[in-house]
Amino acid sequence: MAGKTLYDKLWESHVVHEEADGTCLIYIDRHLVHEVTSPQAFEGLRLAGRKPWRNSSIVANPDHNTPTKDWDKGIEDPISRLQVETLDNNIKEFGALVYFPFKNKDQGIIHVIGPENGTTLPGMTVVCGDSHTSTHGAFGALAHGIGTSEVEHVLATQTLVAKKSKSMLVRVDGQLGKGVTAKDVALAIIGKIGTAGGTGYAIEFGGEVIRGLSMEGRMTLCNMAIEAGARAGLVAPDEKTAAYLEGRLHAPKGDNWTKAVAYWSTLKSEADATFDTVVVLNGAEIAPQVTWGTSPEQVLPIGSTVPDPAQEADATKRTSIENALKYMGLTANTPIDQIQLDKIFIGSCTNSRIEDLRAAAGVAKGKKVASNIKLAMVVPGSGQVKRQAEAEGLDKIFIEAGFEWREPGCSMCLAMNSDRLSPGERCASTSNRNFEGRQGPGGRTHLVSPEMAAAAAIAGHFVDVRSA
Amino acid sequence: MKAFTTLNGLVCPLDRANVDTDAIIPKQFLKSIKRSGFGPYLFDEWRYTNYGEPGMDCSTRPLNKDFVLNQPRYQGAQVLLARDNFGCGSSREHAPWAIEDQGFRVIIAPSFADIFFNNCYKNGILPIVASAEQVDSLFKECLANEGYTLNVDLEAQTVTTPSGQSFSFEITPTRKHNLLNGLDEIGLTLQHADAIKAFEQKHQAAQPWLFA
């Protein structure tokens with residue numbers, strides 16, 4: 001019999017009950033909660049007279065609606081304010097292990113604060129009413145997004161009704177070249193397998209390139225698993241995982257730490273484990289990536305030209321390319337490095353951690369944002385990231401180069417607060433989705449790494465960061 | 001949850017692949033703390049020519065006449081015909097809430113994004129996966145015949161066209177049972193409360209740090 005995959009081990013260690021058709025009740029260790037997808041769930045709980053099963057599993061924080069500047073003015077939009085206050089009141093009523101209200105010094109993007117406070121651990125099941133929960137798979141946790149009905153279900157029962165996914169191994173061999181990041185690896189994978197390539201799968205990322213990534217890089221990669229259609233991405237924990245977690249606020253301590261690390265070392269796919277699908281990439285062949293369309297799979301290496309729909313034989317794909325070019329205001333065969341930009345966004349749960357800011361600052365240091373760029377903004381992922389960056393002087397590098405240095409939050413990744421693109425504006429963004437209207441109605445998004453975004457800010461158009 | 005048994009409904013064809021949840025319900029409407037009232041904002045950026053804000057009276061907004069949902073022949077549609085990877089993107093349940101509030105009870109597509117697919121079942125919507133050829137043929141028939149309806153029978157797991165042609169679809173027995181009976185999933189799970197408690201104790205003994 002074939003050995004177990006990491007996914008098998010995580011799944012089997014959380015099955016509470018199984019129906020004849022394979023539908024299972026899965027125990028949930030960690031429940032991350034933000035203001036947008038939780039109010040109806042808490043209301044449902046209240047209406048049914050139910051209580052949270054285990055409120056110490058809850059880590060909560062508003063992030064989507066919160067402004068990234070002028071915090072002294074509070075939240076000006078009354079509808080956003082009500083949603084954030086509703087979370088305050090729900091946590092006050094029902095309780096949580098961790099709650100950072102708006103303006104707390106540690107508040108940030110939920111997928112940044114979970115790991116940095118040691119509340120995401122290997123071997124856990126982690127859920128959140130947010131598709132980018134896949135981020136936490138970087139720790140060898142089974143982590144995925146859920147809908148609001150499921151948020152209520154987890155609150156009330158500490159379980160989720162689920163069926164086991166198929167397994168996919170995405171192996172990235174070799175070494176990445178200089179200037180090529182986890183973001184480029186993620187986009188290259190999506191370019192190869194498509195945005196539906198991972199549908200129905202839990203993806204484990206393995207190979208030399210993945211082992212070489214920092215925890216921040218692994219989080220970026222797993223974050224984007226959902227953009228490949230996979231609810232969950234996984235990286236087996238190793239010494240880097242333990243080193244990242246040791247000493248963090250809610251990480252195990254003393255005897256528990258020793259036991260935990262020993263257990264975590266068993267969380268890997270066996271050498272003879274088999275996967276339903278295996279995809280292999282060569283790290284050395286991956287160049288910095290830029291999306292040109294309105295789906296993350298519409299991506300190409302810098303140095304390419306925008307595709308020509310006339311060259312596409314498949315009618316549905318041809319229409320998709322035509323629609324994307326029209327929305328993006330691009331002409332077929334335009335070289336990507338000639339695309340001029342209006343705004344730059346460095347932030348989001350994909351790329352707002354300290355390593356991302358260090359990399360972007362490294363490119364921006366001593367340079368100036370180009371005159372055609374109307375706004376270049378850096379939004380750290382959390383209060384902790386912001387303080388660390390300021391201690392290293394990164395804020396000064398950005399400000400001197402002409403970037404705005406903001407308060408933490410989701411910001412222009414999805415533009416629920418006032419950070420957004422105006423119709424027709426074009427943005428180099430380190431976020432995760434280039435969907436129509438995602439960063440503002442009529443806004444045009446190109447997804448890139450923090451280095452590529454910073455280099456584009458300086459040049460005013462896309463450039464190959466390797467030669468910038 | 002609303003039960004679903006059978007439906008004979010008008011079909012609306014949405015001929016785009018990779019329709020994402022930002023397109024289904026844009027983010028500004030996610031600020032609502034309610035579960036209802038999202039229908040008028042379904043596909044907001046495609047449906048209207050002005051920018052929608054929460055609380056707007058949509059009956060007076062300028063319509064994009066080219067958008068399929070605005071065409072007179074598709075008014076009152078209950079079956080949404082779609083292309084590959086429908087519902088990709090975020091986990092927002094506001095997407096199925098908006099679709100249901102608009103009056104749709106069935107979505108037929110060659111493939112769906114996982115989280116969206118799952119969210120449909122929680123809201124009495126039946127997502128049906130059909131082969132790309134079947135979907136293609138339904139698109140052609142629907143466009144060629146005004147008033148085109150499909151008959152969907154969950155018990156029999158069949159979709160039947162007006163000409164009497166029929167194909168079957170897959171659904172897990174658990175989902176089928178819950179949907180047919182409109183069951184409250186939390187209530188069902190809490191029947192296993194003792195098993196959950198027993199699991200939790202064992203889990204805590206093995207990994208006490210998870211409960212610290």
Side-chain angles (χ1 to χ4, degrees), chain A residues 16-17 19-23 25 27 29 36-37 39-40 43 48 50 53 56 65 79-80 82-83 86 121 123-124 129-131 145-150 152-153 156-159 161 163 195-196 199-200 229 231 250 252 256 259-260 263 295 316 320 323 414-416 433 435-438 441, chain B residues 1 15-18 20-23 26-28 30-35 45 51 54-55 83-85 88-94 96-97 111-116 118-119 122-123 172-175 184-190 192-193 195-196 198-200 203 206-212:
Chain A
V16 174
H17 174 80
E19 298 288 343
D21 67 357
T23 305
L25 273 185
Y27 188 82
D29 295 311
V36 179
T37 55
Q40 299 87 351
E43 183 65 9
R50 291 172 175 138
W53 181 281
S56 64
N65 280 279
I79 311 175
S80 287
L82 175 64
Q83 196 165 53
T86 301
L121 299 173
M124 273 185 166
D130 192 290
S131 60
I146 56 176
T148 296
S149 294
E150 292 178 314
E152 185 181 343
H153 192 277
T157 72
Q158 211 59 41
T159 64
V161 177
K163 273 194 92 166
T195 48
T199 302
R231 294 176 78 180
H250 290 279
N256 269 343
K259 284 183 191 155
Y263 173 63
S295 163
T316 306
S320 290
N323 286 341
L414 87 165
M416 264 187 90
R433 288 186 177 137
F435 298 157
E436 289 185 15
R438 172 80 177 180
Chain B
M1 187 183 76
D15 196 2
R16 287 180 82 118
N18 296 315
D20 59 73
T21 54
D22 281 84
K27 82 281 291 182
Q28 63 269 32
L30 274 52
K31 294 176 186 175
S32 168
I33 57 171
K34 298 200 174 86
R35 239 187 142 100
E45 287 181 18
Y51 179 67
R83 295 287 187 186
D84 262 314
N85 202 26
C88 60
S90 91
S91 67
R92 61 187 71 165
E93 200 162 315
H94 313 70
W97 292 340
S111 63
F112 292 87
D114 282 344
I115 303 178
F116 176 84
N118 201 36
N119 281 340
K122 316 288 180 187
N123 294 283
T172 65
T174 303
R175 279 176 168 158
D184 165 26
E185 208 169 49
I186 294 177
L188 290 176
T189 296
L190 286 173
H192 297 287
I196 301 170
F199 177 93
E200 196 167 49
H203 198 51
Q207 296 179 64
W209 56 87
L210 296 179
F211 294 78

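Basis for what follows: all heavy atoms, side chains included, without hydrogens, waters or symmetry-related copies. Note that the structure is predicted; figures quoted are calculated from it, not measured.
Summarising the geometry of B:Ile115 relative to A:Gly145, their closest heavy-atom pair is CD1-O, 3.7 Å, with the distance given to 0.1 Å.
Among B:Gly89, B:Ala195, B:Ala17, B:Ala113, the residue with the largest count of heavy-atom pairs under 4.5 Å with chain A is B:Gly89. Contact count against chain A (heavy-atom pairs under 4.5 Å) is highest for B:Asp20 among B:Thr21, B:Asp20, B:Asn119, B:Leu188.
Rounded to the nearest 0.5 Å, atoms CG (B:Asn118) and CD (A:Glu150) are 4.5 Å apart. In this structure, the separation between CD1 on A:Ile79 and CD1 on B:Ile33 is 10.5 Å, given to the nearest 0.5 Å. Between A:Gln40 atom CD and B:His94 atom NE2 the span is 4.5 Å, to the nearest 0.5 Å. Note: B:Arg92 CZ to A:Ser131 OG = 8.5 Å, rounded to the nearest 0.5 Å. B:Asp84 contributes atom CG, which lies 9.0 Å from atom OG1 of A:Thr199 (distance to the nearest 0.5 angstrom). Rounded to the nearest 0.5 angstrom, A:Ser149 OG and B:Trp97 CH2 are separated by 6.5 Å.
Contact of A:Thr148 with chain B is made through backbone and side chain together, with heavy-atom distances under 4.5 Å. With a threshold of 4.5 angstrom between heavy atoms, A:Thr195 approaches chain B through its backbone and through its side chain. Both the backbone and the side chain of A:Phe435 come within contact range of chain B, each with at least one heavy atom under 4.5 Å from a heavy atom of that chain.
The closest donor-acceptor contact from the side chain of B:Lys27 to the backbone of A:Gly437 lies under 3.5 Å. A:Arg231 places no side-chain N or O within donor-acceptor distance of the main-chain N or O of B:Asp114, the cut-off being under 3.5 Å. Here the side chain of A:Asp21 pairs a donor or acceptor atom with the backbone of B:Thr174 at under 3.5 angstrom. Checking side-chain atoms of A:Gln83 against main-chain N and O of B:Leu30 turns up a donor-acceptor pair under 3.5 Å. Within the 3.5 Å criterion, the main-chain N or O of B:Ala23 finds no donor-acceptor partner in the side chain of A:Glu436.
Taking the side chain as every heavy atom from C-beta outward, B:His192 and A:Val16 never approach each other to under 4.5 Å. Side-chain contact between B:Leu190 and A:Arg50 is present, with at least one heavy-atom pair separated by less than 4.5 Å.
Of the N and O atoms on the side chains of A:Asp29 and B:Gln207, not one donor lies less than 3.5 Å from an acceptor on the other residue. Neither side chain, B:Ser90 nor A:Arg438, offers a donor N or O lying under 3.5 Å from an acceptor on the other.
For the side chain to side chain donor-acceptor pair (under 3.5 Å) with B:Thr189, the qualifying choice from A:Gln158, A:His153, A:His17 is A:His153, the only one to do so.
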- request: Report the C-alpha separation of A:Trp53 and B:Glu200 in whole Å, then their side-chain angles, then the decisive distance to 0.1 Å, and conclude whether the side chain to side chain donor-acceptor pair (under 3.5 Å) test is met.
  value: CA-CA 11 Å; A:Trp53 181 281; B:Glu200 196 167 49; 3.1 Å; yes

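Taking the six-membered ring for Trp and thresholds of 30 and 60 degrees, A:Tyr27 and B:His203 have ring planes more than 60 degrees apart, a perpendicular arrangement.
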